[in-house]
Amino acid sequence: MKSKTIKVDYLARVEGEGKLLVKIKDSRVTEAQLAIFEPPRFFEAFMRGRHFMEAPDITARICGICPVAYQMSSSYAMEDACGATVGGQLRALRRLIYCGEYIESHALHVYMLHAPDFLGYEDAIQMARDHGDTVKQGLKLKKIGNDLMIALGGREIHPINTRVGGFYKAPSKKDLQAFIDPLTWALEASLATVKWVAGFSFPDFERDYEFVSLRHPDEYPFTEGNVVSNKGIDIPINRFLDTFEEIHVEHSTSLQARVIERDDYLAGPMARYANNFDLLPKVAQDAAREAGLSRVCRNPFQSIIVRAVELVFACHEALRIIEQYEPPDTPFVPIEPRAGVGHGCSEAPRGLLYHRYRINDDGIIQDARIIPPTSQNQRAIEEDLRLFVEKNLHLSTEKLTWQCEQAVRNYDPCISCSCHFLDLKIVRE
Amino acid sequence: MGETPSTVVIAFGNSLRGDDGVGPLVGEMIAAAGLPHVQVVSNIGDGARAVEAWANARTAYLVDSASSGAVPGTIHRFDGLAEPIPESFFRVCSTHCFGVSTSIELGRALGRLPDRLIVYGIEGEDFSFGPAISDCVREAARCLVDRLLGEWGLEPG
């Protein structure tokens, strides 16, 4: 029996600590494990006893790349518990800061973390030596996203200006109009990004995923809507835990989510796109079609194109909001606590982020539950690896290892969120 | 619009992680001197912004906490144009952010470096949660600010 071991001690361009193990025996993959060994972070436990107003600021600390997602999911959950609604321009501003996070996060992943895989570079710095103008374009896009987050949130990492009920301070019309020229450039750059990444060559690999995302009747989703899937799920956010469960597997310190009585599902750009293509602005739909994408993309390696399409969406949406912006009378809706349970779900760049809190009459948090996108996608990543390796056993170990790492990066996984760095090991027996 | 400052001090670090806050502390002390030719960009958590921050400056100083195993409070100095900065000096805890070393290498690859790029690292002792900065690290910050003010022909404060 032929035996072979491939080991990559450091898989770069993935956020978090874990390792990947693929065991092959007699041309079959016997194990494909995304083994996360990042220590549990206990955020849910230390939320207990804190005031409900603190939730957005504390949970934002879970992630430096998608803090807005944590702020939005927790704020919506607390508002749900207190029976409050935030609408009008405050709601629009929440979508606008989310646009900033999408532009920053997607530009970083597309240009700096994922594109090097397709162009054969170890990292973005090597790529920058040959593709300097492209990398400069990516950095400029990212900066515009960061600047938007600073304008609305006070700073780009862990913004300090959002709160339950809205914002501490609303921007002036002039503050936002300063973004029209940069975002107009960003929209064109995003369209160019779609064309650029559509020209990459993609492994021939598709899966019949269960795509899970939010869906709102009127808009491409950020923070509101039902949780839906292409396989029949259509539930209000407060029924999330009736439909999805988290299980513990021995090889991971992070819980893995699955559809109850079914199995893995996929959250993130490809799921949002598949479930909400009709709600994308025409400019994004046209860009997707010209890139050769159909209304549903089932090749996870092409997620880079979908992210680029979402960059187009985010720039277009940001411009739309800014053009219609009128400063609100007050920057927030006052929220009075009451005993109850609240649920919030928003679309982090990497996928669905669910929060549930129970608070008492004084607004003290009694318990908290947070299900981040990467724990929802872990099983899908493992299944991708299993099927991809089985289909590509003819590839050299070097090429297979490269493409397995790439397959993990398809998800832009944030292991830190789910509970840093990956150690990849393929064992051929 | 004022004249573009010819010098930029870019302070890396997190003021809520003990001695990692020494970069922002140096930034704060230099900003307090109110020098028109010196711009301070502080609380940099992502080195990608550093590449932007030095884009229009002739001279850039990068200041960060270091964790090399040297005696806490030691001031390290590197010429960023002369050689790669050892990554082991400046810790980065995320692949979604660039640290000092990566931002310089990215700038070098893009041909986007200032005429002069000096990196200062102040060896930290305690990087635990909270705003407290160790006495020896705080003292080193004062020494560095005095050294920079002296370099700019100013009397140390």
Asp135(B) atom CG, neighbour heavy-atom count above 12 within 6.0 Å = no

Dump the intermediate steps for side-chain contact (heavy atoms from CB on, under 4.5 Å) on Arg112(B) and Val135(A), then the final yes or no.
-> CA-CA 12 Å; Arg112(B) 195 186 271 186; Val135(A) 170; over 6 Å; no

Check: Leu139(A) and Leu110(B) side chains under 4.5 Å, non-hydrogen atoms | yes

Measure distances from Glu105(B) to the heavy atoms of chain A and classify the residue's part below 4.5 Å as side chain, backbone, both or neither.
-> both

Nearest atoms (heavy-atom pairs only) where Ile125(A) meets Thr102(B) | CD1-CG2, 3.4 Å

Drop me the distance from Ile150(A)'s CD1 to Arg49(B)'s CZ, to the nearest 0.5 angstrom.
-> 4.0 Å

Hey, does Arg61(A) have a side-chain heavy atom less than 4.5 Å from the side chain of Leu16(B)?
-> yes

Hey, what do you get for CG (Leu106(B)) to CD (Gln126(A)), rounding to the nearest 0.5 Å?
-> 12.5 Å

Proximity breakdown for Arg108(B) and chain A, heavy-atom pairs closer than 4.5 Å | neither

